[in-house]
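Here's the structure we're looking at; comments come further down.
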Amino acid sequence: MRPPSGIDPGSVWAQRLRQLERRLRTKEERIVVLETENAALHLKLAEYQGFARRSTNEVLQLYSAHGQQQKLQRSSVVTQLRGSIKRLKQDLKSLRSFALELSKDFQRQSKTYLYQVLTAVQEIQLQNEALQMFQIKAFDLEQSLQEVTERYEKEKQKRRALHNSLVELRGNIRVHCRIRPLLPFDTAAEHSISQDRQRSFSEKVAYAVDDETVLVKCSRPGHASINKTFQFERVYSASESQDAVFADVAPLLTSLLDGLLHCILHPETWRELNHRFTACTFDFASPERVPRYNVCIMAYGQTGSGKTYTMLGPQLEDNFAFSLEDELELGIIPRAAQEVFRLISEKPPGSYWVEVSVVEVYNNEIFDLLAKDSCGKVYGVKRDVVTTREGKNDVPLLTHETVENASEFLHLVNRGLQLRVRHPTLVHAHSSRSHLVVTLTITTIISEDNCGTSWEDEQTSQRLNKEVSCTFPQKMRDNKSTSSSRASSPAQLEATEKLKQVKTRLQLVDLAGSECVGMSGVTGAVLRETSFINRSLSALADVLGAIAEQRSHVPYRNSKLTRLLQDSIGGDAKLLVMLCISPDQKYLTESMQSLGFGTRARQVQRGQVKKKNFPVPSKAK
């Protein structure tokens with residue numbers, strides 16, 4: 001390589017030589033460093049070789065120790081296995097002996113069980129024979145029971161006829177008297193009575209001599225005591241329970257339904273009844289008309305004499321509803337409802353339905369206690385009583401609620417009681433200021449064509465009644481054409497045109513108590529209430545007096561109460577008056593007034609009860 005022209009070759013080669021020398025020194029330095037690193041690596045290699053030799057020795061030692069350990073373990077496992085085998089042999093020997101004993105026991109027990117099975121088979125055979133004999137006897141008993149049941153049904157029909165005759169013979173207006181016990185509020189009110197009447201407050205002056213006689217000790221200052229007696233159909237002492245009171249009331253309730261069943265009597269039963277009971281007032285052989293009866297039960301007495309307790313039972317002071325918790329203390333109204341629905345339950349399903357109305361007569365005005373406003377809220381609505389073309393008294397637009405059992409009935413009565421007017425007086429803290437009238441109407445539908453027909457048609461008649469009852473969900477309150485349009489077939493349309501509604505009515509009346517203004521200490525509006533109460537009760541006594549004296553004019557229109565109860569007092573209902581009196585000396589005047597009212601009621605002679613009839617065609621020939 002030639003240097004370019006103009007440059008000194010010597011300097012170029014000198015420079016080149018210096019570069020090469022530097023590079024040589026750098027390589028030599030690199031060689032020294034590498035030799036140093038190589039020496040260090042030889043040292044480490046020597047160390048690692050020594051460590052590898054030591055590790056190899058340790059591994060050999062571990063292998064040797066592991067081999068010895070495995071030898072030891074193999075020897076111990078063998079020993080354990082040998083022990084286990086020995087124990088298993090012992091257990092197997094014991095198991096064989098146990099199995100042998102179990103086999104022997106099984107053989108013994110199998111023989112015993114086999115003997116027991118054979119014995120049981122023999123007993124079963126004997127029981128089967130006895131069962132066959134029992135079945136034969138049961139069949140005979142069923143036939144006998146059927147015959148007895150048929151005789152019982154016939155006797156039950158006869159009993160109904162005798163019962164109605166017995167009630168008629170006892171009198172259409174019956175008067176019972178109940179003497180309540182002395183109560184704590186009798187002595188609590190002593191401070192409010194004038195000085196001339198504060199003598200012998202705790203003295204008992206009214207007694208039940210027997211079941212039909214009341215004895216009253218009448219005495220005045222400076223005069224000898226005079227004993228007066230009053231006779232009634234039944235007298236209850238202070239110790240007699242609500243059950244005893246209702247036991248004499250219950251027979252009247254059978255009259256509500258008994259008359260309605262006569263239309264399905266077998267023709268032979270009519271002739272037999274006529275043959276056996278020719279002295280009765282019924283014409284059994286010619287059942288052209290079938291009787292039915294209304295019933296009215298009325299509680300009369302002074303304030304605090306126990307009328308509401310007798311009619312309803314114990315009342316709750318917070319809302320004045322009567323309590324249903326203690327069945328033994330229930331009064332006539334809840335018990336009568338239970339009895340009526342019990343009697344209905346014995347009849348064909350769907351053949352009867354019941355409607356309820358609750359009214360009060362307050363200040364000579366009639367109020368419907370079941371009426372509701374447009375929002376469904378219950379409130380008392382004033383109603384009026386009118387006389388129909390047939391001469392009967394009716395309350396237009398009165399609310400009638402349909403009930404299916406006693407619980408629904410009692411719920412409605414309790415609902416009406418919430419609106420009944422009450423005010424405290426010195427005689428009674430929760431005195432009723434209105435007359436309560438609870439009416440229970442029982443309705444049935446019969447066909448005019450199937451009454452008095454052959455005995456084979458009875459089931460057809462009952463089935464028709466049941467079908468038609470289901471066809472009238474509004475309980476026949478609509479007119480005949482509307483009801484007929486609900487029939488589902490031409491046969492039902494024809495049947496509904498031949499139906500007839502038959503109604504019977506039970507009235508339960510809790511009259512407001514008569515009271516002396518001086519003793520009750522009432523003023524203002526309550527005094528006005530007392531005046532109306534006493535006037536209405538006086539009008540009731542005047543009506544009974546006019547009927548007893550057989551006057552040509554009976555003053556029913558003097559009071560809304562007497563107009564409302566006209567059909568029960570002078571009409572064709574069986575009336576039971578329950579007199580309630582206090583035995584305390586300070587109520588002697590009021591007790592005598594109540595007993596006098598009952599005596600006048602007993603003197604009413606209405607003759608035999610007027611029968612409400614519906615036609616029954618003669619037997620089809």
How long is the straight-line distance from CZ of Phe409 back to CD1 of Ile333, given to the nearest 0.5 Å? 6.5 Å

Closer than 3.5 angstrom, by distance alone: can the side chain of Ser594 be matched with the main-chain N or O of Glu590 as a donor-acceptor pair? yes

I want to check something: taking the side chain as every heavy atom from C-beta on, are His411 and Glu401 in contact at a cut-off of under 4.5 Å? no

Using the rule given for side-chain contact (heavy atoms from CB on, under 4.5 Å), can you reason through Leu412 versus Val403, listing the C-alpha separation, both sets of side-chain angles and the distance that settles it, and then say yes or no? CA-CA 9 Å; Leu412 290 176; Val403 293; 3.5 Å; yes

Give, for atom CD1 of Ile297 and atom CD1 of Ile332, the distance between the pair rounded to the nearest 0.5 Å. 5.5 Å

Backbone N/O of Gly306 and side chain of Thr310: donor-acceptor pair under 3.5 Å: yes

Side-chain donor/acceptor of Ser305 to backbone N/O of Cys580, under 3.5 Å: yes

Specify the closest pair of heavy atoms between Ala336 and Leu253, including all atoms of both residues, with the distance to one decimal. CA-CD1, 3.8 Å

Does any non-hydrogen side-chain atom of Lys217 lie less than 4.5 Å from one of Gln585? no

Taking all atoms of both residues into account, what is the closest heavy-atom pair of Asp584 and Val205, and its distance? O-CG2, 3.8 Å

Would Thr441 and Arg505 satisfy side chain to side chain donor-acceptor pair (under 3.5 Å), going step by step from the backbone distance to the final call? CA-CA 4 Å; Thr441 304; Arg505 186 175 62 183; 5.9 Å; no

Salt-bridge criterion met for Asp248 and Arg174 (N-O under 4.0 Å): no

Can you name the nearest heavy-atom pair linking Asn364 to Ser559, along with the distance? OD1-OG, 3.6 Å

Charged N to carboxylate O below 4.0 Å: is that the case for Asp394 and Arg389? no

Could you tell me if the side chain of Asn294 sits less than 4.5 Å from the side chain of Leu506, heavy atoms only? no

Side-chain contact test, heavy atoms from C-beta onward, threshold under 4.5 Å: evaluate it for Met578 versus Tyr236 and give yes or no. yes

Aromatic rings Phe367 and Tyr362: how do their planes relate, parallel, tilted or perpendicular, breaks at 30° and 60°? tilted

What's the spacing between His176 NE2 and Glu212 CD if we round to 0.5 Å? 9.5 Å

Between Arg342 and Glu346, is there a salt bridge with N-O shorter than 4.0 Å? yes

From CG (Leu544) to CD1 (Ile173), nearest 0.5 Å: 6.0 Å

Apply side-chain contact (heavy atoms from CB on, under 4.5 Å) to Ile344 and Val340, showing your working. CA-CA 6 Å; Ile344 291 177; Val340 167; 3.9 Å; yes

One thing to verify: whether Lys560 and Asp384 come together as a salt bridge, which I'm taking to mean a side-chain N less than 4.0 angstrom from a carboxylate O. yes

Approximate separation, where rounding is to 0.5 Å, of Gln242 CD and Leu330 CG: 8.0 Å

By side-chain hydrogen bond (donor to acceptor under 3.5 Å, both in side chains), Thr387 pairs with (sequence neighbours left out) Asn393, Arg557, Arg563

Polar side-chain atom of His435 near backbone of Ala512 as donor-acceptor pair, under 3.5 Å: yes

Is a side-chain N or O of Asn405 found less than 3.5 angstrom from the main chain of Glu408, in a donor-acceptor match? yes

Which atoms form the tightest heavy-atom contact between Ala371 and Thr399, and what is the distance? CA-OG1, 3.5 Å

Please assess Asp243 against Arg335 for the test salt bridge (charged side-chain N to carboxylate O under 4.0 Å, His left out), listing each intermediate value before the final yes or no. CA-CA 9 Å; Asp243 285 333; Arg335 290 174 185 265; 2.5 Å; yes

Answer yes or no for Arg535 and Phe532: cation-pi contact, defined as NZ/CZ to six-membered ring centre under 6.0 Å and angle to ring axis within 45°. yes

Looking at side-chain heavy atoms only, is the closest gap between Leu565 and Met298 below 4.5 Å? yes

Sidechain-backbone polar pair: Asp368 side chain, Leu370 backbone, donor-acceptor under 3.5 Å: yes

Do Ile366 and Leu564 make a side-chain contact, defined as non-hydrogen atoms from C-beta onward lying under 4.5 Å apart? yes

Could you give the distance from SG (Cys296) to CD1 (Ile569), rounded to the nearest 0.5 Å? 7.5 Å

Sub-3.5 Å donor-acceptor pair from the side chain of Arg420 to the main-chain atoms of Glu360, do we have one? no

Salt-bridge criterion met for Arg178 and Glu240 (N-O under 4.0 Å): no

Answer whether the closest heavy-atom distance between the side chains of Ile179 and Val214 falls below 4.5 Å. yes

Compare all side-chain heavy atoms of Ile547 with those of Tyr556 and state whether any distance is below 4.5 angstrom. yes

Taking Asp210's backbone N and O only, do any of them form a donor-acceptor pair with Thr213's side chain (distance below 3.5 Å, no angle check)? no

Is a side-chain N or O of Arg180 found less than 3.5 angstrom from the main chain of Gly304, in a donor-acceptor match? yes

Residue pair Phe230 / Met592: nearest heavy atoms and the distance that separates them: CZ-CE, 3.7 Å

Tell me, with the steps shown, if Gln603 and Thr599 meet side-chain contact (heavy atoms from CB on, under 4.5 Å). CA-CA 7 Å; Gln603 294 172 355; Thr599 301; 3.9 Å; yes

Can you name the residues that form a side-chain hydrogen bond (donor to acceptor under 3.5 Å, both in side chains) with Ser239, not counting sequence neighbours? Ser237

N/O donor-acceptor pair under 3.5 Å between Glu233 side chain and Val175 backbone: yes

Shortest non-hydrogen separation from Leu595 to Cys177 and the atoms involved: CD2-SG, 3.9 Å

Hey, mind stepping through Val354 and Thr443 against side-chain contact (heavy atoms from CB on, under 4.5 Å) and telling me if it holds? CA-CA 6 Å; Val354 181; Thr443 306; over 6 Å; no

Answer yes or no: is there an ion pair linking Asp211 with Arg234, defined by an N-O contact shorter than 4.0 Å? yes

